[in-house]
Amino acid sequence: MTQETSLTHQQMLDLIQQLNDYSYAYHVKDSPIVPDAVYDRDYQLLQAVESQYPEWIQVDSPTQRVGEKPDSGFANVAHTVPMLSLDNAFDNASLADFDQRLRKLLNMSVEKDITYCCEPKLDGLAISLRYEKGRLIRGVTRGDGLSGEDITSNIKTLYSVPLTLRTTTPPAVLEVRGEIYMPKEGFEKLNGLAEAKGEKAFVNPRNAAAGSLRQLDPKITATRPLVMCAYSIGYVEGWEQPDSHYDGLMQLSEWGFRTNDLMARAQGAKGCINYYDMLNEQRAELSYDIDGIVYKVDDIALQQKLGFIARAPRWAIARKFPAQEEMTRILGVDFQVGRTGAITPVARLEPVFVGGVTVSNATLHNKDEIARLGVMVNDYVVVHRAGDVIPKVVQVVMEKRPDNAIEVAFPEACPVCGSDLEQVEGEAVIRCTGGLVCGAQLKESLKHFVSRKALDIDGLGDKLIEQLVDQELVKTPVDIFTLFLKKDRLLSMERMGQKSVDKLLASIEQAKSTQFNRFIYALGIREVGEATARALTGYFNDLDSVMAADQETLVEVDDVGPIVAQHVKRFFDQTINRDTVQGLLDAGVMWETKQAVSSDNLPLLGKTYVVTGSLSQLSRDQIKDKLQALGAKVSGSVSTKTDCLVAGEKAGSKLTKAQALDVPVIDEAGVIALLAEWGAI
Ligand code: IVH
C-alpha cells in the first residue's frame with residue numbers, strides 16, 4: 001500500500017540528509033542524537049515518498065543500502081595499489097629492534113624519537129573502498145593483496161560505510177582501507193539465533209564477519225552486525241594528503257568514516273611499549289576482538305623514505321598479543337557437579353599456553369554442546385581463553401582426528417553421590433537429583449551460603465568447607481551454627497590453630513545477625529541472585545509471606561518472571577528446605593524486621609536509576625546498594641523508563657543514550673549529595 005505523502009523534492013533531500021546525520025551519529029560516532037523510534041519513523045516516511053516518486057530516489061538514500069543479488073558471484077578486481085601485509089613483533093625486544101632499525105635508516109639523532117601512530121589491530125577482514133567524486137563506487141576484499149573480490153553490494157549494507165562522503169569538495173578519487181569486523185555482542189546474538197534455529201554457530205567473530213561478507217545475497221549481509229573502521233588512505237587523486245597519517249585518519253573521520261577511538265600517537269619505542277601495556281589491560285573489556293597493535297611511522301614523508309620490503313611496509317609493524325586460541329589435545333572428560341546439581345563436562349587437556357596462561361581444563365558446558373562440537377576424547381581441539389573468562393573448547397580439528405578417538409560417555413548417575421540424574425524438557429542441563437545429600441552440591445551450597453554477599457562468614461574458606469563436608473561435620477547449613485560444640489574436631493583440621501578456630505566461631509556467631517535479603521540470597525534458590533533476593537524482600541514483609549507465596553503473587557515482584565517464581569515456589573515446597581530454614585532460625589539466625597514501606601523511609605521508591613562509568617569515592621556496587629536502600633530500582637540499561645543516570649568518569653554509550661533520551665544525568669558528586677541528603681551516607 002502506498003502511503004500518500006506531501007513532501008516536496010527538496011524536503012525529501014533534506015530528509016535523506018537528516019537520516020544520514022542520525023546514522024552517522026549512531027554508527028560512526030557512537031553517540032545517537034535521536035531515539036531509534038525517530039529514525040524508524042523518518043525512514044518509513046522516506047520509503048513512502050520513494051514509492052510514490054521512484055524517479056526521485058537518490059544514491060545516498062539509506063533505502064539504497066540493500067540491493068538485489070549480483071547476477072554472477074563476485075568479480076575479481078585488481079587493487080590500484082597493492083594491499084600489503086605487516087611484519088610481526090611478538091615481544092618488546094623485537095619492537096625496540098624495529099624502532100632501532102628505522103632510526104638507523106633515517107639517520108635520527110640520539111635526542112630525537114620517531115613519532116608513531118598506535119592503533120588496535122582489529123581482528124576482521126581488510127577491505128578497500130573506492131570513492132569517485134565523493135560517491136562509493138566499489139568495495140573490494142584484500143584477496144591475495146594484488147586483487148580481491150568485488151563485494152560492493154554487501155559493503156553498502158554497512159551503516160558505518162558512507163555511501164557518499166560528508167563534504168561538498170571531495171577528492172576526485174579516494175581509496176580508503178580499513179577493517180570490517182563483528183563486535184562481540186553482535187556475534188553472541190547471531191550465534192544465539194543460529195543455535196535457536198538449529199544451525200551451525202560461528203567459531204569466532206572473525207569467521208562470522210568473513211561468512212557474512214561472503215553471502216551472495218546482500219539482504220542476508222544487511223542483517224549481520226558488521227562494522228567498518230578505516231585505518232589508512234590507500235590512494236588519492238585531486239587532494240593533498242596531510243603530512244601525518246594520524247591527521248589523514250582525522251580527515252577520513254570528518255568525511256564520515258568510523259575510526260578507532262583508541263588510536264593515539266606515541267614517542268619512540270618506550271611510548272609504543274606503554275601503549276601496549278595500556279591496551280593489553282583493556283583488551284578483554286573491549287567490545288570487539290583485537291589481536292595486537294599496529295605501530296605506524298606517523299610522518300608520511302618518513303614513510304616514503306622508508307618504503308617497502310617484499311609485501312610489507314618498512315614503516316609499520318604489528319605487535320601481536322598472546323594468542324587467545326590454541327590447539328591442544330583432549331586427554332579425558334571429567335564431570336563436575338555444581339551448587340544446583342548441574343553436571344558440567346570439563347575437558348582435561350594437554351596443557352597449552354593460551355591467552356597468557358597455561359590451561360589444562362576447559363569447559364564443554366553440557367551434553368548438547370558435546371554433540372554440537374562432535375568432540376571425542378583424544379581429539380585435537382581449539383581452545384579459547386580471553387581475559388579472565390574461563391577457557392572453552394570452541395572447535396574440533398576434524399582433519400587431525402586420531403584412530404583412538406573415543407566417544408564421550410555421559411554418566412548414568414551422579415558421579416559424586418550416585419543419585420539419579422534428570423533433564424528438564426527443553427533444558428540442556430542435566431542435574432543430579434541428590435540435593436544436599438550430594439557432597440558436591442552440599443559443598444557448593446555451603447560456599448555460596450557463607451560468601452560475602454550472603455551470610456558473609458569470614459574464615460570459612462573453600463578448603464575448610466571441603467574438609468568439614470568430607471569429615472561429615474557439616475551436612476546442612478544449619479550444622480555451621482553448632483560447630484562450637486565440635487571445637488576439638490575443628491582444631492584437628494589442617495591449618496586450624498586455637499586462634500583461627502576462635503576467630504571462625506566468632507564470625508559464625510556474628511553472622512547470625514544478618515539481613516532479610518542476604519538470608520534469602522544465601523539459601524541458593526535457583527536463579528535467585530542478589531538483585532532478585534532484594535526484590536523479593538522488598539515486596540514481602542516477612543519470611544513467612546515469601547514461603548507461603550503462590551506463583552501469581554510471586555510474578556508480581558519486579559524482576560521475577562514465571563520461571564523464577566516456579567523455582568521459589570518449588571524451593572519452599574520441599575520439606576527439606578523448610579526444615580533447613582527453620583533450623584537456621586532455631587540456631588539464632590535473625591534480621592531486623594522491615595518497617596512498613598512508605599515514602600518517608602523510602603524516598604526514592606518508584607524511581608529507576610542506572611549507574612555507569614568509573615567512580616572514585618564509592619564503588620558502583622556501593623552506590624547501587626545505597627540507592628536501593630532508599631527504595632530506588634537500579635537497572636542495567638538506560639531507557640525511556642530511566643529517571644536518572646549516575647555517570648562516573650569515562651561513561652560511554654549509556655551516557656550518550658541518556659542524553660539522546662533526555663534522561664537527567666548526575667555525576668559522582670551529585671549522587672553523593674543525594675545520598676547524603678537522605679542520610680544514606
Ligand atoms: S595497516 C600497510 N592498520 O592487519 C599497512 N592493518 O597483517 C597494512 N589490520 O590485512 C595494514 N587493524 O586487515 C593496519 N589498524 C590497522 C589494522 C590492520 C587490522 C589488519 C589488516 C591487514 C592485517 C595486516
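Because only heavy atoms are used, hydrogens play no part in the values below, and waters and symmetry mates are left out as well, while side chains stay in. In this text, all values refer to a predicted model and were calculated from it rather than measured experimentally. Atoms within each ligand, like the ligands themselves, are counted from 1 in listed order.
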Within the 4.0 Å heavy-atom shell around Arg142, which atoms of ligand 1 are there? 10 (O)
Which of the ligand 1 atoms, numbered from 1, are nearer than 4.0 Å to a heavy atom of Pro313: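 Numbered from 1, ligand 1 contributes 2 (C).
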Give the intermediate values and the outcome of salt bridge (Lys or Arg N to Asp or Glu O under 4.0 Å) for residues Arg103 and Asp113. CA-CA 8 Å; Arg103 298 176 61 87; Asp113 273 330; 3.7 Å; yes
Would you say the side-chain atoms of Ser153 pair up with the backbone N or O of Pro218, donor to acceptor, closer than 3.5 Å? no
Relative to Tyr231, does Arg177 satisfy both conditions: NZ or CZ under 6.0 angstrom from the six-membered ring centre, and within 45 degrees of the ring's axis? no
With only distance considered, is Ser85 within less than 3.5 Å of ligand 1 through an N or O on each side?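 In this structure, Ser85 places no N or O atom under 3.5 Å from an N or O of ligand 1.
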Using a 3.5 Å cut-off on N or O atoms only, is Leu84 in polar contact with ligand 1?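 For ligand 1, there is no N or O atom that lies under 3.5 Å from one belonging to Leu84.
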With a 3.5 Å cut-off and no angle check, do the side chains of Tyr288 and Asn260 form a donor-acceptor pair? yes
Using distance alone, with no hydrogens and no angle criterion, decide if His384 and Gln324 have a side-chain donor and acceptor under 3.5 Å apart. no
With backbone taken as N, CA, C and O and side chain as the heavy atoms from C-beta onward, which portion of Ala316 lies under 4.0 Å from ligand 1: side chain, backbone, both, or neither?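 Neither; nothing of Ala316 gets under 4.0 Å from ligand 1.
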At a non-hydrogen distance cut-off of under 4.0 Å, which region of Ala126 contacts ligand 1 (side chain, backbone, both, or neither)? both
Can you check which of Tyr295, Phe308, Tyr231, Trp315 brings a heavy atom nearest to atom 6 (N) of ligand 1? Tyr231
